Amino acid sequence: MDCQNLVFSPKQSKKRIEKAIRVLPSIILRKIIFFSLYLLGARIKTIASLVDIPEVSGKTTIHRVMKDGISAFIDRRQPPKSYVAHIPPQTQQQVFQASVLLEDEYCIILFGDSKHQLKIPLSHKVHLKSVLLSLLLANMLPINEVSSVLDITIAHCRNLAARLKNEDVTEVLIDKRQGQKKDYLVDQNVKADLIQHFVARTITGHSTSSNKLSELINNTEQTNISSRTIRWHINKMGLVKIIKTLPELIQALKKKS
DNA sequence: GTGACAAGAATAATGCCAGG
DNA sequence: CCTGGCATTATTCTTGTCAC
């Protein structure tokens, strides 16, 4: 694989590694990077000094992965252990009445002792945000823990919490991204052309295969739309359903007139 | 606080391929 | 050969980050 044109951003690297390290133990992460760089053709000696793994250990990892697959990234001499996310140490002296810890797929919020706790699935993002930010507003949780668990910056954390004072959860916490709103290849002209050809050919008994239609449309509209896309739009507009009924309807109308 | 940029979510387009 | 289901990639738009 030729990586000569790849540009590596130290800034992005730092950011992404900091994120990954919350989930993967450092040594496993470094082994993965070692193996990836090896696959991409870097010199083993150079990789070893970059990821801070002895050259021989790196070579062992490569051989083990080649032999045993993914499981070889983990030091199998050690008993399997669950990894708890790293939470930066508290800097403030203030005593908080609650604390959070991450366990499997849950965020557990402890109030005083383990008898009073909230267990919220990490996948319930809005719920989790709402509760943690509310506890932050009540001064029951330190902001660095909240921002760490929610994986947002402290500044943004403050921002969201402040907004929650005046706006409802739906305004502040629910994602309103809507994505693409209109077809960008198949515009009105193409659709008109598609319907016209489809109908004319259905009535006259010509083939309405997506291959034929895309060919016709691309010729008149000067486009390069794939037959698969044409099929997708034919289906989306429900045109398939009129293949049988349309000629019958035409016949019926002709008889009446 | 602002604006540029990256990342993430939703949807459109497309590749692949089993089955009619 | 042709269609359509599923998976992947592309595009658009919002959210979040960061430097100033």
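Scope of the values below: all heavy atoms of this structure, side chains included, with no hydrogens, waters or symmetry mates. Residue numbers begin at 1 in each chain, while the letters A, B, ... track the order of the sequences. In this text the structure is predicted, and so the values were computed from the model without any measurement.
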Val186(A) has its side chain closest, among dC18(C), dA13(B), dG4(C), to dA13(B)
Between Ile152(A) and Asn211(A), whichever has its closest DNA chain C nucleotide further toward 5' is Asn211(A)
Inset, instruction - Establish, with yes or no, whether the OP1 or OP2 oxygen of dT17(C) is under 4.0 angstrom from a side-chain nitrogen or oxygen of Thr153(A). - result: yes
Does His63(A) reach the main-chain N or O of Lys59(A) with its side chain, forming a donor-acceptor pair under 3.5 Å? yes
note: Asp183(A), atom CG; dT11(B), atom C1'; distance rounded to Å ~ 10 Å
| query | Do Arg163(A) and Asp168(A) sit within salt-bridge range, that is, some charged N less than 4.0 Å from a carboxylate O? | reply | no
His233(A) NE2 to dT11(B) C1', in whole Å, measures 11 Å
Exercise. Using a cut-off of strictly less than 4.0 Å, decide whether Lys129(A) has a side-chain nitrogen or oxygen near OP1 or OP2 of dT15(C).
Key: no
Q.
For Leu216(A), is there any backbone N or O sitting under 3.5 Å from a side-chain donor or acceptor partner on Thr220(A)?
A. yes
Rounded to whole Å, CG of Asn235(A) lies from P of dC6(C) at a distance of 13 Å
Could you write out each protein N or O paired with an N or O of nucleotides 11-14 of chain C at a distance under 3.5 Å?
from	atom 1	to	atom 2	distance (Å)
dT11(C)	O2	Gln180(A)	OE1	3.0
dT14(C)	O2	Arg177(A)	NH1	3.3

Side-chain donor or acceptor of Asp193(A) paired with backbone N/O of Asn189(A) under 3.5 Å: no
Protein and nucleotides 15-18 of chain B: nitrogen or oxygen contacts under 3.5 angstrom:
from	atom 1	to	atom 2	distance (Å)
dG15(B)	O6	Arg228(A)	NE	3.2

Rounded to whole Å, CG of Leu133(A) lies from P of dG16(C) at a distance of 11 Å
Of the listed dA13(B), dC2(C), dG4(C), the closest approach to the Ser209(A) side chain comes from dC2(C)
Any Ser210(A) side-chain nitrogen or oxygen under 4.0 Å from OP1 or OP2 of dT3(C)
yes
query: If only atom types and distance count, is the side chain of Ser130(A) paired as donor or acceptor with the main-chain N or O of Val126(A) below 3.5 Å?
result: no
To the nearest angstrom, the CG-C1' distance between Leu185(A) and dT9(C) comes to 13 Å
Whole-Å distance, Leu173(A) CG to dG8(B) C1', equals 16 Å
Here the distance between atom C1' of dG1(B) and atom CG of Asn159(A), to the nearest Å, is 11 Å
Here the distance between atom P of dA13(B) and atom CD1 of Ile230(A), to the nearest Å, is 10 Å
